[in-house]
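This report concerns only the one structure given below.
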Amino acid sequence: MLVVVAGGAGFLGANLVDRLQAEGDEVVVVDDLSHGSLANLTEARRRGGVRFHRMDVTQGGLPVLAERIRADAWVHLAMTADPARAWADPSGDARQVVTGATEVLQAAASGGAKVVLASSGAYLYPSQLTGVSKPDDRPAPVHPLGAGRLALEAYCDAFAARGLDSAVLLFGTVYGPRQDPLGPGLASRTAWSMLQEHAPRVEGDGRQERDFLFVDDAVDALARAVHTDATGRMLIGTGSATSVLQVVEQLASLVGWSGEPEWAPARPGDPRRCALDPARAGKALGWQPWTRLEEGLGITVEWLKARLPRRLR
């Protein structure tokens, strides 16, 4: 297949490019490099079969690109995933998320391609205090990041009326190699601080729970969505929730760090708990998570260690 990955130079996107290459697909990466990096694509470009276009998906160039390449599928990962930034500039976040999604949908529709979009499960089901969220639960976002993702799904429904097939994958908290250790991702940010002998920052009381998903498992779901005819909303998670403090403790054990975290105020609108039921994804995609949290955190720490300044290794 010929697959366009919007946001393909980012954390999740670059890992997906590797997977699609391994399955024999030709890949076109679209990225403005505002958050991604060409370094993430070094090996993929060396292997060949990857083309890169530096483009902002909100600027109107995708339909022209679609006419030139005639892709079989588009994967949309080029949207912000920083809760603090979404609160600081909700109108800017809305423009980026909604405009980017509609541009991708329009480009795919013009060439009769399928669309796979990545979204956030935690920010669509923030009121859940017990149990596991299911795909047919009513979304109730109380954060701009969740509101934008809900609008994205509404646009998918609108384009479906024109015959466009789309799959929306709502992920848990994805972590793993290539995640920016200076970004908002908890596992990478925390491990990086510990490796540099700095206290990690914990927002709130640390008892908030997330469905932590290793990046290889997330990529497997995306690749399966590209290569099957599955459509609609699917939750991509482990079905269990782990507290922030538990992850911090596991990382401290892996790194050999001892000390107290740096406590910070809770972020407004952050969900208290998230656990996502993957049953629909299991039926539609044949997907299930396989990486244990301890294993995934260990792989993440080893990847970060290799990038430490030499004096700290």
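The analysis underlying the following values was restricted to heavy atoms, covering all of them including side chains, and did not include hydrogens, waters or symmetry mates.
When atom types are taken as modelled, the side chain of Gln208 and the backbone of Gly206 share a donor-acceptor pair closer than 3.5 angstrom. A distance-only check finds no donor-acceptor pair linking the side chain of Asn15 to the backbone of Leu12 [under 3.5 Å]. Looking only at distances, no side-chain donor or acceptor of Thr190 sits under 3.5 Å from a matching main-chain atom of Ala187. In this structure, Ser110 contributes its side chain and Ala107 its backbone to a donor-acceptor pair below 3.5 Å. The backbone N or O of Arg207 sits nowhere less than 3.5 Å from a side-chain atom of Arg273 that would complete a donor-acceptor pair. Asp211 places no side-chain N or O within donor-acceptor distance of the main-chain N or O of Gly237, the cut-off being under 3.5 Å. Put simply, the side chain of Gln179 never gets that close to the backbone of Leu186: no donor and acceptor are under 3.5 Å apart. No side-chain donor-acceptor contact under 3.5 Å links Asp72 to the backbone of Met1. With Trp87 contributing its side chain and Leu145 its backbone, the two residues share no donor-acceptor pair below 3.5 Å.
For Val301 against Ala191, the heavy-atom pair with the smallest separation is CG2-CB, 4.2 Å. Closest of all the heavy-atom pairs between Thr242 and Phe212 is O-CE1, 3.4 Å. Residues His143 and Pro268 approach most closely at CD2-O, 3.3 Å, considering heavy atoms. Residue His53 comes nearest to Arg68 through the heavy atom pair CE1-NH2, 3.8 Å, listed as atom of the first residue, atom of the second, then distance. Contact detail for Ala230 and Ala167: the closest heavy-atom pair is O-CB, 3.7 Å. Nearest heavy-atom pair, Thr99 versus Thr58, reported as atom, atom and distance to 0.1 Å: CG2-O, 3.6 Å.
Atom CD of Gln288 sits in a sparse spot, with 12 or fewer heavy atoms from other residues, nucleotides or ligands closer than 6.0 Å. In Arg267, the CZ atom is crowded: over 12 heavy atoms of neighbouring residues, nucleotides or ligands sit closer than 6.0 Å. For CZ of Phe52, the number of neighbouring non-hydrogen atoms (other residues, nucleotides, ligands) closer than 6.0 Å is greater than 12.
When hydrophobic clusters are built by joining Ile, Leu, Val, Met, Phe, Trp and Tyr residues whose side-chain heavy atoms come closer than 4.5 Å, directly or via intermediates, Leu254 is grouped together with Leu308. Taken together through direct or relayed side-chain contacts under 4.5 Å among Ile, Leu, Val, Met, Phe, Trp and Tyr, Trp290 and Leu235 form parts of separate hydrophobic clusters. One hydrophobic cluster, built from ILVMFWY side chains closer than 4.5 Å, holds both Trp257 and Trp263. The hydrophobic cluster containing Val64 does not contain Val30, counting ILVMFWY residues as joined when their side-chain heavy atoms lie under 4.5 angstrom apart, directly or transitively.
With a 4.5 Å cut-off on side-chain heavy atoms, Trp287 and Ile236 count as touching. Side chains of His35 and Asp82 form no contact here, defined as non-hydrogen atoms less than 4.5 Å apart. Side-chain contact check for Val27 versus Arg51: every heavy-atom pair is 4.5 Å or farther apart.
If you check the side chains of Ser253 and Gln250, you find no donor sitting under 3.5 Å from an acceptor. For the residue pair Thr291 / Asp217, a side-chain donor-acceptor distance below 3.5 Å is found, with atom types taken as modelled.
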- In sequence, state the C-alpha distance, the side-chain angles, and the governing distance for Glu262 and Val202, and then conclude on side-chain contact (heavy atoms from CB on, under 4.5 Å). CA-CA 6 Å; Glu262 174 190 323; Val202 174; over 6 Å; no
- Message: Apply side-chain contact (heavy atoms from CB on, under 4.5 Å) to residues Val98 and Leu152 and explain how you reach the verdict.
- Response: CA-CA 6 Å; Val98 173; Leu152 180 154; over 6 Å; no
- Glu203/Arg201 under salt bridge (charged side-chain N to carboxylate O under 4.0 Å, His left out): CA gap, chis, key distance, verdict: CA-CA 7 Å; Glu203 286 133 345; Arg201 186 180 78 252; 3.3 Å; yes
- Please walk me through it: do Val3 and Glu26 pass side-chain contact (heavy atoms from CB on, under 4.5 Å)? CA-CA 6 Å; Val3 184; Glu26 184 180 355; over 6 Å; no
- Task: For Asp25 and His227, run side-chain hydrogen bond (donor to acceptor under 3.5 Å, both in side chains): C-alpha distance rounded to whole Å, both residues' side-chain angles, the deciding distance at 0.1 Å, then the answer.
- Result: CA-CA 10 Å; Asp25 295 323; His227 292 124; 2.5 Å; yes
- Show the numbers, then the answer: is there a side-chain contact (heavy atoms from CB on, under 4.5 Å) between Trp303 and Thr300? CA-CA 5 Å; Trp303 184 85; Thr300 303; 5.8 Å; no
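A salt bridge between Arg178 and Asp18 is present, with a side-chain N of the basic residue lying under 4.0 Å from a carboxylate O of the acidic one. The existence of a salt bridge linking Asp229 and Lys114 is excluded, since no basic side-chain nitrogen approaches an acidic carboxylate oxygen closer than 4.0 Å. Taking a cutoff of 4.0 Å between a charged side-chain nitrogen and a carboxylate oxygen, Asp220 and Arg224 qualify as a salt bridge. In summary, Arg149 and Glu153 do not engage in a salt bridge, as defined by a charged side-chain N under 4.0 Å from a carboxylate O.
Considering Pro139, Ser119, Ser166 as possible partners of Arg233, the one that fulfils the side chain to side chain contact (heavy atoms under 4.5 Å, CB included) test is Pro139. When each of Asp216, Leu304, Val215 is checked for a side chain to side chain contact (heavy atoms under 4.5 Å, CB included) with Pro177, only Val215 meets the rule. When each of Val17, Val28, Leu20 is paired with Val50, the side chain to side chain contact (heavy atoms under 4.5 Å, CB included) condition holds for Val17 and for no other.
Annotation: the span from Gln246 atom CD to Leu297 atom CG amounts to 11.0 Å, rounded to 0.5 Å.
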